Amino acid sequence: INEGKCCGNRCRLCPYEPKYMKGSTNIKMKREDILIVCALEQETNNELDEWNVIYTGCGKVNATYELTAELFFSKSMTGKLTNLPKLVINFGTAGSKDIPIHTLVDCNKFVQRDMDASGLGFKKGETPFDNHPQIIDYSYVKNPIGKNYVCGAGDSFVEDASNEIKTIDVFDMESYALAKTCWKTDIDFVSYKYITDNVNEKSADDWEKNCGKGVKEFKKVLEYYENL
């Protein structure tokens with residue numbers, strides 16, 4: 001701050017433009033610069049084979065481990081991470097209270113919806129004694145949809161949103177873990193979610209019917225990155 005510029009440590013109250021934001025909104029990139037992360041193969045129907053894709057399985061722990069393992073393979077003998085992707089894209093399915101089923105949406109703000117330490121005086125979704133923000137915000141990363149929804153991740157399949165954090169637009173099980181892993185390694189991140197259900201008593205059946213229907217719309221989004 002004394003030098004009048006960002007130090008690069010993502011200080012929450014820093015008045016200066018973060019240096020990791022500069023030029024990151026429209027970076028020219030090739031396919032090999034992008035890592036696509038999905039939870040389940042049935043969400044893509046093997047239609048992304050020409051891209052660099054990893055599948056993590058369901059839940060925040062699996063998502064964190066598999067993405068970290070993928071990035072760890074980029075670690076050089078010096079201990080520094082090299083050849084990291086410029087952008088990690090999460091694609092998958094999600095539920096929403098208000099967004100119509102069969103809609104592909106973009107999410108760039110992420111919260112851990114099942115973190116509840118309110119008994120210690122923390123807000124719901126806020127990790128106790130963590131120096132990272134409650135909401136991981138990647139809104140500076142441009143995308144072709146531009147709705148900028150908030151995605152809440154937790155280790156539960158949501159069928160009733162009445163007790164969930166009210167600012168959440170979209171519910172999934174992995175996005176926060178992926179976003180935070182990217183945040184800690186200074187990699188840009190965006191998530192695209194295909195809405196399969198409206199978080200109600202029909203959600204399980206609706207997800208089963210719709211989980212593989214979003215990949216064709218997602219492939220149209222990928223054309224945007226190839227044309228940057």
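Heavy atoms only: backbone and side chains are in, while hydrogens, waters and symmetry mates are out. What you are looking at is a predicted structure, and each value in this text was computed from that prediction instead of being measured.
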First locate atom [atom1] of [X], then atom [atom2] of [Y], and finally report the distance between them rounded to the nearest 0.5 Å.
| X | Y | atom1 | atom2 | value |
| --- | --- | --- | --- | --- |
| Asn163 | Asp116 | CG | CG | 10.5 Å |
| Asn52 | Ile36 | CG | CD1 | 8.0 Å |
| Asp206 | Ile195 | CG | CD1 | 12.0 Å |
| Met115 | Asp130 | CE | CG | 8.5 Å |

Taking all heavy atoms of [X] and all of [Y], pick out the closest pair and write down the distance.
| X | Y | value |
| --- | --- | --- |
| Ile34 | Ile89 | CG2-CD1, 3.7 Å |
| Tyr225 | Lys142 | OH-O, 4.3 Å |
| Val111 | Tyr176 | C-CD1, 3.5 Å |
| Thr93 | Trp207 | OG1-NE1, 2.8 Å |
| Lys193 | Cys151 | CE-SG, 4.5 Å |
| Pro144 | Val221 | CG-CG1, 3.8 Å |

Under a 3.5 Å threshold, yes or no: a donor from one side chain and an acceptor from the other, between [X] and [Y]?
| X | Y | result |
| --- | --- | --- |
| Thr44 | Tyr55 | yes |
| Asn108 | Tyr140 | no |
| Ser203 | Asp197 | yes |

Taking C-beta and beyond as the side chain, do [X] and [Y] meet within less than 4.5 Å on heavy atoms?
| X | Y | answer |
| --- | --- | --- |
| Val158 | Arg113 | yes |
| Leu104 | Ile145 | yes |
| Ser191 | Val37 | no |
| Lys60 | Lys180 | no |
| Leu178 | Val88 | no |
| Glu174 | Cys38 | no |
| His102 | Asn210 | yes |

Can a salt bridge be assigned to the pair Asp33 and Lys30 using a cut-off of 4.0 Å between side-chain N and carboxylate O?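 Looking at Lys30 together with Asp33, the answer is no, because their closest N to O distance does not fall below 4.0 Å.
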
Are Lys220 and Glu217 close enough for a salt bridge, meaning some N to O gap below 4.0 Å?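 Answer for the salt bridge query: yes.
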
Phe189: which of Asn90, Ile136, Val141 passes side chain to side chain contact (heavy atoms under 4.5 Å, CB included):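 Testing each of Asn90, Ile136, Val141 against Phe189, the sole residue satisfying side chain to side chain contact (heavy atoms under 4.5 Å, CB included) is Asn90.
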
Is the side chain of [X] donor-acceptor paired with the backbone N or O of [Y] at a distance under 3.5 Å, no angle test?
| X | Y | answer |
| --- | --- | --- |
| Asn45 | Glu47 | no |
| Gln134 | Lys124 | yes |
| Asp106 | Asn148 | yes |
| Asp114 | Gly154 | no |

Going hydrophobic residue to hydrophobic residue with side-chain gaps under 4.5 angstrom, can you get from [X] over to [Y]?
| X | Y | value |
| --- | --- | --- |
| Met173 | Ile101 | no |
| Phe91 | Val53 | yes |
| Val215 | Tyr224 | yes |
| Tyr65 | Leu84 | no |
| Ile54 | Leu40 | no |

Decide salt bridge (charged side-chain N to carboxylate O under 4.0 Å, His left out) for Lys147 and Asp169; before the verdict, give the C-alpha distance in whole Å, the side-chain angles of both, and the deciding distance to 0.1 Å. CA-CA 11 Å; Lys147 294 294 184 181; Asp169 302 301; over 6 Å; no

Please report whether the ring centroid of Phe122 lies less than 6.0 Å from that of Phe129.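 Yes.
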
Could you please spell out the steps behind the side-chain contact (heavy atoms from CB on, under 4.5 Å) verdict for Cys182 and Tyr138? CA-CA 10 Å; Cys182 290; Tyr138 274 102; 3.5 Å; yes

Counting only heavy atoms not in Asp49 (residues, nucleotides, ligands), do more than 12 fall under 6.0 Å from its CG?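 Atom CG in Asp49 is crowded, with more than 12 foreign heavy atoms closer than 6.0 Å.
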
